[in-house]
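Below: one structure, written as structure tokens.
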Amino acid sequence: MPIPEDVTGEEVDKDVRQELLSLPKTLADDVARNLVMVARLLDEDPEQAYGYSRVALRLASRVPSVREAAGFAAYAVAKYGEALAEFRAARRMTGSVELWPVMADCERGLGRPEKALAMAGEPEVQKLDRAGQVEMRLVAAGARQDMGQSDAAVVTLQSPELASNSVQPWTARLRYAYADALLQVGREDEAREWFAKALEADQGGTTNASDRLAELDGVEFTDVLEDADEDDDEDTEADADERKDEAVTEAPAATDAAPSDDAPREDTPRDSRPEQS
């Protein structure tokens, strides 16, 4: 797959670069450049990111960061079985529990919420950092909802991190998930309050809390461009009708006079092909 010339591979972080030292330099550079493309495209064009991840995987399948990148690329295009296999491989290579929450979410994606919930109770969760534990809580709450246990999902999300007034990278998503869970059990007023709190913390626009708030408030958005197009269509139709009326009005009255030899006959066939541009 083509890679822009400005991508050198030096953009990867130092830990990835350290892992790539086990490869010949030219190969390491090729792998690094593909990993950079995965990171660049993962959000905006996941299918393309997945393609670059497969190239990197083909070149260096024994490098943990390559397996991890391949896992996230597969996850982004909903290939959950493939993603889970890559995450497991990366974990075996490194011994890290960092990928535990996303592995559990892959189980959800595969239709196995019970497995995801079981993973939330494993000792590995206690080894996660605070961000990882919040992520695991989000996955567990989602699994509860998958299983129709909406009230339990609300309880699962209640935590010191949710109650905290400090804004962390996970705050907006945690508050949003809690608001959504409250809405699922009919606690609309509380849901609105927490959607507002999520919006307040959502500095990067990672949630659609503003849309959910508007929906609860009964606000309807109008697509100005779509309305303008509709108005243009109506004007075009009106102009066409007007020209048709004028043509009928200005048409000469029919006479009984016989047509001259030079005049076209009524039954003369016309060229029905469209005009070539």
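Heavy-atom basis, side chains included; hydrogens, waters and symmetry copies ignored. Computed from a predicted model, the values in this text were never measured in an experiment.
- Side-chain atoms of R33 do not come within 3.5 Å of backbone N or O of T8 as any donor-acceptor pair.
- Partners of D6 according to the side chain to side chain contact (heavy atoms under 4.5 Å, CB included) rule, which considers only residues two or more places apart in sequence or in another chain, are P4, R40.
- With W194 as reference, L182 is the one residue of D180, L157, L182, L199 to meet the side-chain contact (heavy atoms from CB on, under 4.5 Å) rule.
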Given side-chain contact (heavy atoms from CB on, under 4.5 Å), test Y176 with D202 step by step and report yes or no. CA-CA 9 Å; Y176 182 93; D202 193 3; over 6 Å; no
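- Using a 4.0 Å cut-off between charged nitrogen and carboxylate oxygen, E188 and R192 do not count as a salt-bridge pair.
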Report the C-alpha distance between S65 and E19 in whole Å, list the side-chain angles of each, state the deciding distance to 0.1 Å, and finish with yes or no for side chain to side chain donor-acceptor pair (under 3.5 Å). CA-CA 8 Å; S65 56; E19 290 181 359; 2.7 Å; yes
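- Residues satisfying the ring pair (Phe, Tyr, Trp, His ring centres under 6.0 Å) test with F72, not counting sequence neighbours, are F87.
- A search for side chain to side chain donor-acceptor pair (under 3.5 Å) contacts involving T171 returns nothing, not counting sequence neighbours.
- Judged by distance alone, the side chain of N208 and the main-chain N or O of D211 form no donor-acceptor pair under 3.5 Å.
- Under the rule for a salt bridge (charged side-chain N to carboxylate O under 4.0 Å, His left out), the partners of E86 that lie at least two apart in sequence or sit in another chain are R67.
- Looking at Q158 and Y178, their side chains do bring a donor and an acceptor atom within 3.5 Å of each other.
- R108 meets the side chain to side chain contact (heavy atoms under 4.5 Å, CB included) test with D105, A116, V139, A143, D146; sequence neighbours excluded.
- Of the possible donor and acceptor atoms, none in the side chain of E68 sits under 3.5 Å from a partner among the backbone N and O of A90.
- Counting heavy atoms of neighbouring residues, nucleotides and ligands inside a 6.0 Å radius, atom CG of D189 does not exceed 12 of them.
- Remark: the backbone N or O of V16 is not paired with any side-chain donor or acceptor of Q18 at under 3.5 angstrom.
- Taking the side chain to side chain contact (heavy atoms under 4.5 Å, CB included) definition, one finds that R17 meets it with E10, V12, D29, A32, sequence neighbours left out.
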